[in-house]
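A short write-up of the structure that comes next.
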Amino acid sequence: MKTAISCWLVLCVALAVNAHAQILPPHQSSNPWYQDARQVLAKKPNLQANLNAKNVILFIGDGMGISTITAARILEGQNKGQAGEENQLSFEAFPFTGLSKTYNVDAQTPDSAGTMTAIISGVKTDAGVIGIDENVRRGNCQTVAGHELVTTLDLAELAGMATGFVTTTRVTHATPAALYAKSPERNWEDNSDLPEAAIAAGCSDIAAQLIDYESRLKKHYSKAKHIDGIEVVMGGGRRHFLPSSPEFNSPDATSDIEGDRNDDRHLINEWQQRYPDGAYVYDKAGFDLIDPSSAQQVFALFDESHMHYEADRHNDQAGEPSLSEMTTKALTILKQREEGFFLMVEAGRIDHAHHAGNAYNALNDTIELSNAVKQAIAHTDPAETLIVVTADHSHVFTMAGYPKRGNPILGKVVNVGEVEPAKAADGKPYTTLAYANGLGFRHHHDETDADTAYAEPAKSGRTNLTDIDTEQTGYHQEALVPLSAETHGGEDVAVYATGPGAEGVLGVNEQNLIFHVINQAAQLEQRAIATMQ
C-alpha cells in the first residue's frame, strides 16, 4: 500500500498526541501482511491472558534449516560420546515449536534481507530489501520514501528499553542491518557501495545509518523521552566504518587498506564522540576488560569483515570472543536497565559454511548457537523473558541414505548390521550429508576456514571417497548441481519459543507473524506510546 508521506521521514501529526496515537506509520499498520498476521495471532487459542514479557531475546540461526538442526543435534551428542540421535540442543527443549514460511514477496526461495525484515517488522517484502515494504524497486533510492518500516528495535528504543545485537557476521550484513537500517539494497554497506544516483537522491549507507541511529530516531519521534541509542553492538565489519587509507588500519588489519569508505568519515571515531562513556573494542583483550556493571554503551568490531567460524576462531590474530561469550556479556550489560531489554543474537556463519559446502563448520556454529541460548536461559528470569529461536531460511542440505544408529554424522553411510561403508550404484561410498547444489567436493584436511572452498572451481560428478576422511574439518560434501556457491532452500524453518506469549509461535505461520508474537508478548507498541505522552 502506498502513501504520499513517510512517517519515517516526516513526523506524523498523530504521533504522541494522546494515548490512542499510533506509533507505526499508516503504510505499515494497514499493510495486508501486517493485518493478516494480527488476525491470525488473535485467533490462536490458549494464548496467555497476562502478556508481560519484560525482556525479549531473538536468536537467528542464519540458514539453520531443520536438517541442519538434526545433524547438529547428532554431532553434539556424538561429541559427548553418545550415539547422537537421542541428544537435544538447548532450544529444542523449549515448550512451544512452530513452522515459519520463509518466502519473500517476489521470491520462492528467499534471501536474508527480506526474511529478517519480515521477522523484525511484521511485513513481508522483496529479496535484497532492508527495512522497507514491497512497494520499492531494489536498488532505487527514489522509490524508498513512504515505505520505511518500524522495527522491534525501534519500538524497544521508543519504549525506553535497553537494546542490543550481537552477530558473527559484519554488523552491516543483511540480518543485523534489518534491525536499524532502511535500504533498498542490502549491499550498500558503506558509501563506496552506493551508486552516484543513490547518493544524489539522499540515500545513506548502512554503516552510517547505524552510527546515526539515535539521532535519526529522535528526529522522527521528537516527543519520545527515553531514546538513548543502542547499548550493545558486537560483530565484525570494521572496513565499512573506516576511511580508505592505511593510516586508519586497525592493529590486526588483514588488508593493506582496511577501510572502504571514500567520504572521509571515520565512523568509529564518530561513535566514540557521541558516546564518550562507551567502550569501543576490537579484540578479545578489550572485550574481557569490559565491565558489564558500568558499561554504558559497547561497540565491538572484531574483524575487518565477518568474524571467524567457531572452529576457526583460534586463528584470529587479535583474538575474538565466541557467540556465547558475546551473548553473556551483552545480557549482563542490558539487564542493568529496569525497563527491560531487547537483544538479537545471530549465528550468521552457519549460512556461510553452507554456502561453501562445509557441513563441519555449519554444524559447529549451530552447536555454538545452542550454547549461546543456554547462556540466555541461565542469565534471565523465565517468567519475564520471551526467548525466540528461529532461522531466516534454510539451505539445500540433505541427510540421507540408511546409516545405522550412531553412525558418525559427518562420516560415510554404513548400513544397519554392516561395518563397511555402503556403495552407491557407481561402486563408490557416499556420505550421510550432502548438498543439492554448490561447489562440491573438496578435501582440505584439517583446514578450519570453510571459505577456502572458493579458491577452486565448482566440481561436478562423484569422487571416490574410499581413502578420504570425511570427518575432517576441511572436508566439503559432494553436490549434485555444480554452482559457484550453494544456495538457500525454500522450505519452512522451525521456530522455538519459551516465556510469556511463546504460545503464539504454534502452527504453520507466515514468517512475519514472529514480529507480532514479540510485539504482543512485550506490549512494545503500548509501552512506546506510553513514553510519548
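Below, each value reflects all heavy atoms present in this structure, side chains not excepted, and no hydrogens, waters or symmetry copies.
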Name all residues meeting the side chain to side chain donor-acceptor pair (under 3.5 Å) criterion together with [X]; count only those two or more places apart in sequence or in a different chain, and write none if there are none.
X: D446; value: none
X: N187; value: E185
X: S100; value: none

Between atom [atom1] of [X] and atom [atom2] of [Y], what is the distance when rounded to the nearest 0.5 Å?
X: N135; Y: N31; atom1: CG; atom2: CG; value: 7.5 Å
X: L331; Y: H379; atom1: CG; atom2: NE2; value: 7.0 Å
X: I468; Y: T463; atom1: CD1; atom2: OG1; value: 6.5 Å
X: L465; Y: K412; atom1: CG; atom2: NZ; value: 6.0 Å
X: T172; Y: H240; atom1: OG1; atom2: NE2; value: 4.0 Å

For the backbone of [Y] and the side chain of [X], can you confirm whether one donor and one acceptor N or O come within less than 3.5 Å of each other?
X: R186; Y: S183; value: no
X: S90; Y: S370; value: yes
X: N509; Y: V505; value: yes
X: T366; Y: A72; value: no
X: T385; Y: P382; value: no
X: N512; Y: G122; value: yes
X: E447; Y: D449; value: yes
X: Q511; Y: D392; value: yes
X: N87; Y: Q82; value: no
X: E189; Y: D205; value: no

I'd like to check the salt bridge (charged side-chain N to carboxylate O under 4.0 Å, His left out) partners of [X]; sequence neighbours left out, ordered by chain and number.
X: D451; value: R349
X: D252; value: R238
X: D260; value: R239
X: K101; value: E510

Original post:
Once the angle between the rings of Y34 and H516 is folded into 0 to 90°, is it parallel (under 30°), tilted (30 to 60°) or perpendicular (over 60°)?
Top reply: perpendicular

**OP:** If the plane angle is over 60° it's perpendicular, under 30° parallel, otherwise tilted; pick one for H352 and H306.
**Re:** tilted

Original post:
Is the count of non-hydrogen atoms from other residues, nucleotides or ligands lying under 6.0 Å from K80 atom NZ greater than 12?
Top reply: yes

Original post:
Just wondering, are more than 12 heavy atoms of other shown residues or ligands nearer than 6.0 Å to CD in E85?
Top reply: yes

Does a donor on one side chain sit under 3.5 Å from an acceptor on the other, for [X] and [Y]?
X: Q375; Y: T327; result: no
X: Y402; Y: N407; result: no
X: S204; Y: Q209; result: no
X: T68; Y: H354; result: yes
X: D111; Y: H488; result: no
X: E134; Y: T125; result: no
X: N358; Y: N361; result: yes
X: D303; Y: S305; result: no
X: T470; Y: T431; result: no
X: S324; Y: E368; result: yes
X: Q28; Y: S121; result: no
X: E310; Y: N364; result: no

Given side chains that start at C-beta, do those of [X] and [Y] come closer than 4.5 Å, heavy atoms only?
X: E320; Y: M234; result: no
X: T380; Y: I387; result: yes
X: I367; Y: L75; result: yes
X: S192; Y: R261; result: no
X: K182; Y: I130; result: no
X: I518; Y: L524; result: yes
X: Y435; Y: T398; result: no
X: D62; Y: M116; result: no

In chain order, what residues pass the ring pair (Phe, Tyr, Trp, His ring centres under 6.0 Å) check against [X], with sequence neighbours excluded?
X: Y496; value: F91
X: F165; value: Y180
X: H445; value: H443

**OP:** Before giving the answer on side chain to side chain contact (heavy atoms under 4.5 Å, CB included), spell out for I74 and M399 the whole-Å C-alpha distance, their side-chain angles and the decisive distance to 0.1 Å.
**Re:** CA-CA 11 Å; I74 295 171; M399 179 177 168; 3.4 Å; yes

Which donor-acceptor pairs under 3.5 Å do side chains of residues 415-428 form with protein atoms, sequence neighbours excluded?
| unit_1 | atom_1 | unit_2 | atom_2 | d |
| --- | --- | --- | --- | --- |
| D426 | OD1 | K428 | N | 3.0 |
| D426 | OD1 | R462 | NH2 | 3.3 |
| D426 | OD2 | R462 | NE | 2.9 |

Subject >> Row check, F287 ring normal vs K329 NZ/CZ: under 6.0 Å, within 45° >> reply: yes

Subject >> F302 six-ring centre to K284 NZ/CZ under 6.0 Å and within 45° of normal >> reply: no

**OP:** Using the side chain to side chain contact (heavy atoms under 4.5 Å, CB included) rule, take L149 and D133 through it: C-alpha gap first, then chi angles, then the decisive distance, then the call.
**Re:** CA-CA 7 Å; L149 300 168; D133 67 30; 4.2 Å; yes

Original post:
Do F299 and F241 have their ring centres less than 6.0 Å from each other?
Top reply: yes

**OP:** List the steps and the verdict of side chain to side chain contact (heavy atoms under 4.5 Å, CB included) for L343 and V345.
**Re:** CA-CA 7 Å; L343 173 66; V345 179; 3.8 Å; yes

Original post:
Going by the ring pair (Phe, Tyr, Trp, His ring centres under 6.0 Å) test, which pairs reach into residues 455-487, not counting sequence neighbours?
Top reply: F441-Y475, H444-H476

